[in-house]
Amino acid sequence: MDRKCFLAANWKMNGSLKTNKELVLNIKEQITKLTNNKIDLIVCPPDVYLEQVKNLLDKDIEYIKLGTQNVSFEPNGAFTGQTSLDMLKDFDISAVIIGHSERRQFNNETDLDIAKKVYSVLKLDDHIMPILCVGETLAERESGETQNIIRNQITKVLDFLKEKNILDNQKIMQRLVVAYEPIWAIGTGKVATAEKANEVNRFIRELIQKISLELSDKVRIIYGGSVKSNNALDLISQPDIDGFLVGGASLNATEFVKIYSHMCN
Ligand code: PGA
């Protein structure tokens, strides 16, 4: 496979000016020793800290890129509390997490909202990558609904992109990254076994294959949910897991860099 590995840190609603500085400087220091340009490495702080983290990354922004945890699909206007893509672009972002289960759950984001967000990022003539998150609850997994849930979440987005006439555009579509994040594994310490995670990632690749074989070969499909340095190697060794979206473990520089070092060796 010639897909570039992808590792994104989702800081969620954590951090402060002080702890962000320590974290970023520690990551930079440890990573320069093992810089591996085979990996797209992204940190996604809360929006209020974008400027701080951008400044801390400084020239290293070439190999540690900046991302965000959300975006509005509206371009501007009377949308209190929202942040537009143009605003985020002022900070040279490279990726946006879209449709994280915490946003689906606590902010009532619908599949249509998520499809619109993915489209708003992809339609830009730019390099920004949308990281589309999908995943099932424990009850859904236990009742054998995993594939139906995932199929539904992915299809809603792909259908919308088709309606907007960009689904056939390989160059645009290859910027898409899909993150399989089983909800029962997020922040719980219960990681999906490498085989189970790979099974769903493969299923997602097969869904994309129905659109284009070439695209399914190029799109990065990553895994998220209690990824740690002690399970990363096992997970990344699977053929359909192209990287990770890491929450808790990304707040600890040593742990995060260990995950990085396990990738794509
Ligand atoms: P976790 O979070 O690594 O803390 O489980 C992953 C995520 O929510 O993206």
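In each ligand, atom 1 is the first atom listed, and ligand 1 is the first ligand listed.
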ask   = Atoms of ligand 1 less than 4.0 Å from Gly225 heavy atoms?
value = 5 (O)
key: Where ligand 1 meets His100 - atom numbers and elements under 4.0 angstrom, heavy-atom basis   = 7 (C), 8 (O), 9 (O)
key: Per-residue contact class, Asn10 against ligand 1 - non-hydrogen pairs under 4.0 Å   = side chain
task = Could you tell me whether Ser226 and ligand 1 have an N or O pair separated by under 3.5 Å?
result = yes
query = Thinking salt bridges, do Arg202 and Asp240 make one under a 4.0 Å N-O criterion?
reply = yes
key: Residue pair Thr19, Glu22: steps toward the side-chain hydrogen bond (donor to acceptor under 3.5 Å, both in side chains) verdict   = CA-CA 5 Å; Thr19 60; Glu22 285 163 10; over 6 Å; no
inquiry  = Taking the basic N atoms (NZ, or NE/NH1/NH2) and the acidic carboxylate oxygens, is any pair closer than 4.0 Å for Glu74 and Lys116?
reply    = no
inquiry  = Tell me which one of Glu255, Lys258, His262 satisfies side-chain hydrogen bond (donor to acceptor under 3.5 Å, both in side chains) with Ser229.
reply    = Glu255
query = To which protein heavy atom is atom 4 (O) of ligand 1 closest, and what is the distance rounded to 0.1 Å?
reply = Gly248 N, 2.8 Å
message = Within the structure, is a non-hydrogen atom of Gly187 found at a distance of less than 4.0 Å from ligand 1?
response = yes
message = For Arg104, is there an ion pair with Asp111 - N to carboxylate O distance below 4.0 angstrom?
response = yes
task = Please say whether more than 12 non-hydrogen atoms of neighbouring residues, nucleotides or ligands are located less than 6.0 Å from CG in Asp159.
result = yes
ask   = Measuring from the heavy atoms of Gly224, does anything fall under 4.0 Å of ligand 1?
value = no
Of Gln69, Glu109, Glu181, the residue whose pairing with His100 passes side-chain hydrogen bond (donor to acceptor under 3.5 Å, both in side chains) = Glu181
ask   = Side chain, backbone, both or neither: which part of Ala185 comes within less than 4.0 Å of ligand 1 when only heavy atoms are counted?
value = backbone
query = Should we count NZ of Lys21 as having more than 12 external heavy atoms under 6.0 Å?
reply = no
query = Who gets closest to atom 1 (P) of ligand 1 by heavy atom: Ala8, Ser101, Pro182, Gly247?
reply = Gly247
request  = Run the numbers for me: atoms of ligand 1, each under 4.0 Å from some heavy atom of Lys12, listed by number.
outcome  = 2 (O), 7 (C), 8 (O)
ask   = What is the nearest protein non-hydrogen atom to atom 9 (O) of ligand 1, stated with its residue, atom name and distance?
value = Glu181 OE2, 2.7 Å
